Amino acid sequence: MNWKRLLFLLCMLFGLSASAQKHTLSGFISDAESGEELIGATVFISQLASGTTTNLYGFYSLTLEQGTYEVTFSFIGYEPIVKTIELTQDVKQNIELGAKSQMLKEFEVKGEREDANLREVQMSVEKVEMKTIEKIPQFMGEADVVRSIQLLPGVSSVGEGAPGFNVRGGNIDQNLLLLDEAPVYNSSHLFGFFSVFNPDAVKDVQLYKGGIPSRYGGRLSSVMDVRQREGNSKKFKMNGGIGTVSSRLTLEGPIVKDKVSFLVSGRRSYADLFLLFNDELKDTKAYFYDLNAKVNYTINDKNRLFLSTYLGRDVFGFGSTFENDWGNKTASLRWNHLFNEKLFSNFTAIYADYGYALSADFGGNGFEWESNIYNYNLKTDLTYYLNPNNTLEFGVNGLFYNFRPGRAKGVGDEALIDVVEVPHENAFEPAIYVGNEQRIGARLTLQYGLRYSHFFNMGGVINEYEAGTPTDRDDIISTTKHDDFDVTKDYGGFEPRFGANYQLTDVSSLKLSYNRMRQYIHLVSNTTAATPIDVWKPAGKYVKPGTADQVALGYYRNLNKNMYQLSVEGYYKTMNDLLDYRDGAELILNETVETEFLTGDGRAYGAEFMFKKTKGKLTGWISYTLSKTERQVKAIDLGSEQIDGINGGDWYNANWDKPHDFSLVAIYDYNKEWDFGLNFIFATGRPITYPESRFVYDDKVVPYFSDRNSNRVPATHRLDVSATYTPKKNENRKWKSSWIFSVYNLYGRRNPYSIYFRTPPGESVTDTSTRNSSQAYQLSIIGIPVPSVTYNFTF
Amino acid sequence: MNKKLISYPPIYFFLLLLAFTACEDEIDLDLDDPTPILVVEGEFSDRDTIQYVKLSYSTNYFNEDEPNYSAEQSATVVLRENGNPIDTFDFNTATQRFELQGKGTVGNDYSVYIKSGVNGKEYVSQSETMYQVPLIDSIFYEFNDDLPFDEGYEVKLRTLEPQPVGDYYQWKVYVNDFYLGNSGDLAYASDEVVKNDTLVFTAYFMPQEDFEDFLEVYPEVNVRIEQIEISKGFYEFISLLDSQTSGGGIFDSPPAQVKGNIFEINSEEQAIGYFKVHSVTDASITIEE
């Protein structure tokens, strides 16, 4: 194909025309008070009845025919600005939007378009505003990003206090968690009760459950993109809070006004301080902390630099006998560069580390143990605002991993264990992508893209097994240790992405999407809830990367001038080459962990209903998900022996399969002093396994199980309420404060987390009367109403 | 990797955190009656004593009766050495077990053949080699009040552990002949990661509370520990058995079927249980306050 023909085809494809004179209107939209860039603010051209929204850095660009336009810049909760812009040449227009005053908020200005949910081609995306998150009642009053998104359709977890979340049938390791673009490997504090995202430092949260754009990759089920605040570039501010579990303090302000600003935000739990009052527990350490720091520098209109870091840690210990800590460290340096009005670029360098350390000393024989996963990533993302109908995105990234799954050594005079070290592995995951968002006519918008990713597993130790597949450590016939950058196995493939939005009427639209995702690392975890000491295993000789294909179809309808938003989405997802485990698998510090693995597939399908009220005194949503999530692990026939599958190779319910999942979230803005929050959830109990029978062996009653996950715990339901009091005296002073009172689990429902089977203990060690007994127990993590008070302030 | 050597105590912190909010309720469930499966519990050691095999059937999980060990009293139970039948276990109505007096020879392979007296089904255990258990050099105890949430007596063993790796051990604890089940601290282990030829370790931790309970029943507290050399297969069997009986919460592994090494002849079916071939040595000490 010659160049002219190719160019012609491209012109056809992107609807280019050379006839009329065109110019570009571009700029940044930010908050007038803090200078923070606004993500997803709308730029709307009345004459054309179309427009655009700002990207993740607050940038917008629109190329239009020469002329005079009435342009409305708006963002939810802000006073819109209307400007008449004469476009006879390229125009740079930065806009600062001011927050709506309380008066105006009560007499809502009607008529502006707040129907991005209908107009945008992106489907299956959830955006929760921090303002909403802060008002949703939560356990111990801790505003929490991860707990809040679990109230949305298609998102669930195995139970209260469990870490992570499940999206559309995906395991918790299938969510890509990004904090200012750096990956976060464990989103939980205190095993899973709280998340690592300090709400005071977070600006924006978006969760992609499907139709994932080509710029994201690396996980099968979702992307949670969390952006930290930039810090006020206009004036110095301080805010914080004193809560039941933790206290927070954030400082922010300009270093050079309108040019350089900073934000430092810290949070520490202090429940352990109460332990000091208990004699038996006074040597116990149990706390977590987060530190977020960010500096950004607006060099000029074309160049901006952002440096952001996060450090979080959980620490548990008992005197000198035992100590354990774990947490994430991330740092990202970003450089936004505008090549011209149409070409926006972002260059990012990322460092991330998740690790834990344990040490124990039991009088002479103890051990020290540590584990880390390090990430180094360089990436470039470009957006080319070709014309009003086409926005091209493309980029490349190279992600380098260093896996140090575990090293333990004995300490003390009588140390029992030697050094145990699970071999290190390295990996390199390059990816390249291109995507385009194309408007075709007034009603149809397409989003299509292609990503190619590859994965090189390097270094480590490769064991060869007699049967050719890992069976048992004793069957190893040879072991090869590879150099750090010696490629032992590689995988790769295309990941097509597609989305379409057809605007049926002014108030309704239909969307369709398909995505293929690839995931090259798996979390090795066999417990109901993942623990902080679980490690990640890269794809390699014996572990395949996972792939997922998902199609989703949705219908969206806005009512009463966008006051109500109704949506219905259906999805079908298949997942291949997921990691599963043999019975009795030893996954911790296992040098030949591949002998414990099984490979399985997954499938999930469901319908998600969402009814949302976005305006007025009462806001909130009702969400209902009807779904099914199953897994399948077939037996492996090695000829001489057979490695059993799970449930005879039939499909079985995944641990987090909850067919019915209902949430109601309501926030009522009663008056200037009081607002109230309420949420109610109802969900089918998660699958568990009842014993088929029992037997006695060596004086022990042992449950004998048959098919995994063929029973369920009873349904879960819970009501939480909160009230926020903002004293009147705030209005005329700099120090503004508010009180949040909340009760989690108001009616004290004992929601079952698990049911387990055990011989009840006797009265004393010599009491054998219960030896033949067997009893079922139901564990509820939070079985009582939990009240809490939080005091927040800004200065 | 043996989980008992490197355990994960933060689980205790988790439980501590939940002390104020969590609750455990006894619940009643209605479970269907199962098809009974033969359960075999047998052992054969290098010690000249009464060796035994107990036969019973699996029952409904909530059946609280002692297993019916006499249901199979007319079964045929034969000991095989290196594949050849050498002796028969005979049913003893007093102990409700099949018994024989004798001992095995280290280095030989042993298995058991069982023919059901109820349905004529034939079973055989996977043959296992009897390995030599290393001797206990000494036994002693120390009082430890430095442990999280507990204080008590650590009963320690000093033992030789021959290199290279590939040995599996079980320890059984008796207090004045009262068998403590598998409640010992280090009930089983593999030597995969151990460091030295001589090991000193806590084989059993007796909480202060238990010590006092024993003194209420017995005039003194004599602890006897059996050190047992077991096979890899039995090690895996009791590891699984342990994980299926010590459950109780949020970080549980999925339930798994505990089967063992008893296979039905000419069938894909398996009985439940294990015929354990082992060698054993012991040491004892009296704990004084």
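Naming: A, B, ... by sequence-line order, numbering from 1 per chain. Just so you know, these numbers come straight off a predicted model, no measurement behind them.
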Residue part contacting chain B, namely of A:Arg771, when any heavy atom lies under 4.5 Å: side chain
Chain A interface, residue from B:Asn63, B:Asp33, B:Asp28, B:Ile37 that has the most non-hydrogen pairs under 4.5 Å: B:Asn63
Chain A contacts, top residue of B:Pro36, B:Gly260, B:Ala256, B:Ser56 (heavy-atom pairs, under 4.5 Å): B:Ala256
Engaged part of B:Asp65 at the chain A interface, taking heavy atoms whose separation is under 4.5 Å: backbone
Best-contacting candidate, A:Asn709, A:Thr689, A:Asn745, against chain B by heavy atom pairs under 4.5 angstrom: A:Thr689
A:Arg758/B:Glu26 salt bridge by N-O under 4.0 Å criterion: no
Between B:Thr35, B:Asp210, B:Val258, the one whose heavy-atom pairs under 4.5 Å with chain A are most numerous: B:Asp210
A:Val786 portion near chain B, given a 4.5 angstrom heavy-atom threshold: side chain
Separation between CZ of A:Phe193 and OG of A:Ser269, rounded to the nearest 0.5 Å: 13.0 Å
B:Glu216 and B:Glu212: CA distance, side-chain angles, deciding distance, side-chain contact (heavy atoms from CB on, under 4.5 Å) verdict: CA-CA 6 Å; B:Glu216 276 181 24; B:Glu212 285 160 18; 5.7 Å; no
Heavy-atom pair count under 4.5 Å with chain B, highest-scoring of A:Thr766, A:Ile755, A:Asn655: A:Thr766
Check: B:Met206 and B:Val223 side chains under 4.5 Å, non-hydrogen atoms: yes
Engaged part of A:Tyr777 at the chain B interface, taking heavy atoms whose separation is under 4.5 Å: both
Student check: side-chain heavy atoms of B:Asn176 and B:Phe214 closer than 4.5 Å: no
Parallel, tilted or perpendicular, as decided by the 30° and 60° cut-offs, for the rings of A:Phe757 and B:Tyr61: perpendicular
Given B:His278, B:Glu226, B:Lys276, the one that forms side-chain hydrogen bond (donor to acceptor under 3.5 Å, both in side chains) with B:Gln170: B:Lys276
Worked check of side-chain contact (heavy atoms from CB on, under 4.5 Å) between B:Gln244 and A:Phe705: CA-CA 9 Å; B:Gln244 299 304 307; A:Phe705 294 99; 3.3 Å; yes
A:Phe288-A:His189 aromatic ring centre distance below 6.0 Å: yes
Which of B:Asp213, B:Thr59, B:Asn60 touches chain A most, by non-hydrogen pairs under 4.5 Å: B:Thr59
Heavy-atom proximity to chain A below 4.5 Å, by part of B:Val175: neither
Taking every non-hydrogen atom, the tightest pair across A:Lys409 and A:Val419: CB-CG2, 3.8 Å
Atom group of A:Tyr704 that falls short of 4.5 Å from chain B, counting heavy atoms: side chain
Contacting moiety of B:Phe211, where chain A heavy atoms sit under 4.5 Å: neither
Under 4.5 Å from any heavy atom of chain B - which part of A:Asp472: side chain
Which of A:Leu587, A:Val158, A:Ile688, A:Val696 touches chain B most, by non-hydrogen pairs under 4.5 Å: A:Val696
Residue A:Thr768 versus chain B: region with a heavy atom under 4.5 Å: side chain
Engaged part of B:Leu29 at the chain A interface, taking heavy atoms whose separation is under 4.5 Å: side chain
Most chain B-contacting option - heavy-atom pairs closer than 4.5 Å, from A:Gly159, A:Ser764, A:Ala776, A:Gly584: A:Ala776
From CA spacing to verdict: side-chain contact (heavy atoms from CB on, under 4.5 Å), A:Val713, A:Tyr753: CA-CA 8 Å; A:Val713 302; A:Tyr753 181 89; over 6 Å; no
Partner chain A: residue of B:Lys54, B:Glu66, B:Glu43 with the largest heavy-atom pair count (under 4.5 Å): B:Glu66
Chain A contact via B:Val39 - side chain, backbone, both or neither, heavy atoms under 4.5 Å: side chain
Chain B interface, residue from A:Ser773, A:Pro760, A:Gly783 that has the most non-hydrogen pairs under 4.5 Å: A:Ser773
Salt-bridge contact B:Lys172-A:Asp698 (side-chain N to carboxylate O under 4.0 Å): yes
Heavy-atom proximity to chain A below 4.5 Å, by part of B:Phe178: side chain
Ring centres under 6.0 angstrom apart (B:Tyr153, B:Phe205): no
